[in-house]
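Input: a single structure, listed below in structure tokens.
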Amino acid sequence: MESIEYISLTPPSDQIFQNIDRPWNREVIYFLLVDRFSDGKERTIAHGGKMHGFQPEQLEQVCGGNLEGIRKNLMYLKQLGITALWLSPIFGNNPESYHGYAIQDFLNVDPRFGTLDELKQLIREAHELDLKVILDIVINHTGNNWHYSEHKHPVYYRGRRYDFGGWRFPDKPVPLELRDEKCYRKQGQISNWDKFPETCEGDFFSLKKLLLDESAEGLSVQDVLLKIYSYWIKETDCDGFRIDTVKHAGMLPVSRFCEGIRAYCASIGKKNFILFGELTGGDALLKSSLEGTKDTGGQFFKGPDSLLDFPLHFVLPEVLKGHVPVKLLKKRFKSREKYGLGMGGNELVTFLDNHDQIGTLVKKRIGADSSEQEVVASLAILLFLPGIPCIYYGTEQHLKGRGRADSCIREPMFSSDGRFSFMDTRYWIYQQFARLCAIRNEVRIFDLPKLIFNRQFLSADCDIKIPGREKIIVFTRKSEDEQVIFVYNQQNIQKTAYVEIPRPLTQINYIYSLGNPHTEMVNSVSGSNKFDLIKAVLAPGELVIIK
């Protein structure tokens, strides 16, 4: 198809959309790059070291992963405890692109990844396993489909517009409605990523910024994008969109798009469809983006349902490794509470690491400088803190990518010589993560709305509690009737802490532990039969979850 004029947004009369009505705060999301997960070939499972063998320059190119490879490994994800799968963009991309975000054909699956029928089959079989599927989409820009005059690479300068040079391909982009230079801002590449309006007007590196303003042309582009992605819902029956570069697209275009998608889903009977976005910034910005905005005529448009919690991502790994104090983690959740984020059932999407570590000189996976036990502890905390936890592909196999380029943390889950796959269901981290997901469901952590960072004391002197600095990570998830206490020593030496508990215990019940942590109940008041303290003695990396 070349034009949106040739697509129908009306489903066949006999089409029934799958509506998995499980609330999104109960999901565990697995994010993967289609090109890096599996190529679908028969391979030997590597049980030892996971050396993919791809050279740095090869990681900047297509490595061969595809939709068929994902479909064949759905049970691998199901057994891991995953409930929702987030796919990097599957649309036709520039030839030099492997990641999916440089779109040149919005109406077709990239043939390097597979076909529309293969995508439909993947989603259909995922639904049969009670797995949701989220598609990654882009509304801010297209791929590098045209060049400026004289093939120059201008940078943004005070809103200046530059001359259009020509199209890179005779038949791209698709749809042809976007093959018009009036659809683009033509203001050069962003150089200051935090300066407005530059961040909303400039090109995203070589990717060309679409015109998304309130002009007739800008509204037309927005209408084209709404029809494009409505078409993908109708065709694939996917369960949500992750919206790329929300900050750069702008609050009004994103909110208008979200409302349009909600209206379309309602019209075809597709329920519980999530829209969550990528937005880096403070909580005031996150809050306003979720709330939405009005257009110049006063019409209100609600923003996305959720956003990726970048502020948590920037602090959590450092706290887990003992590099920064626990109080920064407390501060993060106090800020969330102050701005009302993650409340009312619409939690933020939380993560440890990802494919696009913005603002870091050296990019690295959580496993790059962590032991197996530390990786498991990190995943446990992610699962038990408030939010919709999202695991980055390969974490469960202890991939250790690091380097200055994004490609260094986008390793394939298969070897370059065609021999090995790294999807080892017997691997210890994989099995521990699966167990933790099961425990998360058993204790229904998502139904315990209150988060408390427990106070820690220097001793259990019967009548005097002497406050101490938070040596270790301790928090409680609780409701009126239930509590789950999480204790982890992130320091590199053994630690002893006297931890105050919200509801006195009669006994300590471990529901999960790493290592051999020692805990005992303590009375802090003379003659009391209520045990309101836990004495915890933990070696480095030891963890215990108590109910």
Stepwise side-chain contact (heavy atoms from CB on, under 4.5 Å) test for L399 and M413: CA-CA 9 Å; L399 295 191; M413 291 274 281; 3.9 Å; yes
Begin from the C-alpha positions of T395 and S378 and carry the test side-chain contact (heavy atoms from CB on, under 4.5 Å) through to its verdict. CA-CA 10 Å; T395 305; S378 299; over 6 Å; no
Between Q61 and E57, is the side-chain hydrogen bond (donor to acceptor under 3.5 Å, both in side chains) condition met? List the steps. CA-CA 7 Å; Q61 304 167 10; E57 61 273 13; over 6 Å; no
Derivation and outcome, side-chain hydrogen bond (donor to acceptor under 3.5 Å, both in side chains), residues S215 and D213: CA-CA 6 Å; S215 66; D213 62 16; 2.5 Å; yes
Begin from the C-alpha positions of D39 and N66 and carry the test side-chain hydrogen bond (donor to acceptor under 3.5 Å, both in side chains) through to its verdict. CA-CA 5 Å; D39 59 6; N66 54 43; over 6 Å; no
Audit row: K400, E411, side-chain contact (heavy atoms from CB on, under 4.5 Å) steps and yes/no: CA-CA 9 Å; K400 302 179 181 181; E411 316 97 302; 5.5 Å; no
Starting from the C-alpha separation in whole Å, work towards a yes-or-no answer on side-chain contact (heavy atoms from CB on, under 4.5 Å) for F276 and L308. CA-CA 7 Å; F276 71 93; L308 288 160; 4.1 Å; yes
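The shortest non-hydrogen separation linking L77 to F37 is CD2-CZ, 4.1 Å.
Ion pairing of D406 with K363 is present here, as a side-chain N (NZ or NE/NH1/NH2) and a carboxylate O approach within less than 4.0 Å. Under 4.0 Å is where a charged nitrogen must lie from a carboxylate oxygen, and between K78 and E128 no such pair does. Between E214 and R256, at least one side-chain nitrogen of the basic residue sits less than 4.0 Å from a carboxylate oxygen of the acidic one, meeting the salt-bridge criterion. Electrostatic pairing of K334 and D283 does not count as a salt bridge here, judged by no charged N lying under 4.0 Å from a carboxylate O. Comment: E347 does not engage R26 in a salt bridge, judged by the lack of any side-chain N to carboxylate O separation of less than 4.0 angstrom. Under 4.0 Å is where a charged nitrogen must lie from a carboxylate oxygen, and between R112 and D110 at least one such pair does.
The SG atom of C183 sits 10.0 Å away from atom CG of L212, with the distance rounded to the nearest 0.5 Å. With rounding to the nearest 0.5 angstrom, the CG atom of L320 is 4.5 Å from the CD1 atom of I381. Rounded to the nearest 0.5 angstrom, S220 OG and D180 CG are separated by 9.0 Å. Interatomic distance, L131 CG to D239 CG, rounded to the nearest 0.5 Å: 9.5 Å. The distance from atom CG of L85 to atom CG of L74, rounded to the nearest 0.5 Å, is 7.0 Å. The distance from the CD1 atom of I4 to the CD atom of E177 is 4.0 Å, given to the nearest 0.5 Å.
For the pair K186 and W146, the cation-pi criterion (under 6.0 Å, within 45° of the ring axis) is not fulfilled.
Sequence neighbours left out, the pairs with a member in residues 153-163 that pass side chain to side chain donor-acceptor pair (under 3.5 Å) are Y156-E201.
The one candidate from Y392, Y98, Y393 that meets the side chain to side chain donor-acceptor pair (under 3.5 Å) condition with R410 is Y98. No option in I123, I70, I134 other than I70 meets the side chain to side chain contact (heavy atoms under 4.5 Å, CB included) test with L87.
The closest donor-acceptor contact from the side chain of N272 to the backbone of N19 lies at 3.5 Å or more, if one exists at all. Not one N or O on the side chain of H141 forms a donor-acceptor pair closer than 3.5 Å with the backbone of K208. Between the side chain of K172 and the backbone N or O of D105 there is no donor-acceptor pair closer than 3.5 Å. For Q189 (side chain) and D203 (main-chain N/O), no donor-acceptor pair under 3.5 Å exists by modelled atom type. Judged by distance alone, the side chain of D136 and the main-chain N or O of I90 form no donor-acceptor pair under 3.5 Å. In this structure, D237 contributes its side chain and Q18 its backbone to a donor-acceptor pair below 3.5 Å. No donor-acceptor pair under 3.5 Å is formed between the side chain of S3 and the backbone N or O of L176. Without hydrogens or angle criteria, R168 side chain to N144 main chain gives a donor-acceptor distance under 3.5 Å. Side chain of K132 to main chain of R22: a donor-acceptor pair is present (N/O by atom type, distance under 3.5 Å, no hydrogens or angles). The backbone N or O of T350 lies less than 3.5 Å from no partner atom in the side chain of D309, so there is not a single donor-acceptor pair.
A tilted orientation is assigned to the rings of F54 and H52, their planes being inclined by 30° to 60°. In this structure, F205 and W193 have tilted ring planes: the angle between them lies in the 30° to 60° band.
Centroid-to-centroid, the aromatic rings of F273 and F241 come within less than 6.0 Å. W86 and F351 have their aromatic ring centers separated by at least 6.0 angstrom.
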Give the table of side-chain donor-acceptor pairs shorter than 3.5 Å for residues 259-268, with sequence neighbours excluded, one pair per line with atom names and distance.
| unit_1 | atom_1 | unit_2 | atom_2 | d |
| --- | --- | --- | --- | --- |
| E259 | OE1 | R262 | NH1 | 3.1 |
| E259 | OE2 | K302 | N | 3.2 |
| R262 | NH1 | K302 | O | 3.3 |
| R262 | NH1 | G303 | O | 3.4 |
| R262 | NH2 | G303 | O | 2.4 |
| R262 | NH2 | D305 | OD1 | 3.1 |
| Y264 | OH | L9 | O | 2.7 |
| S267 | OG | Y264 | O | 2.6 |

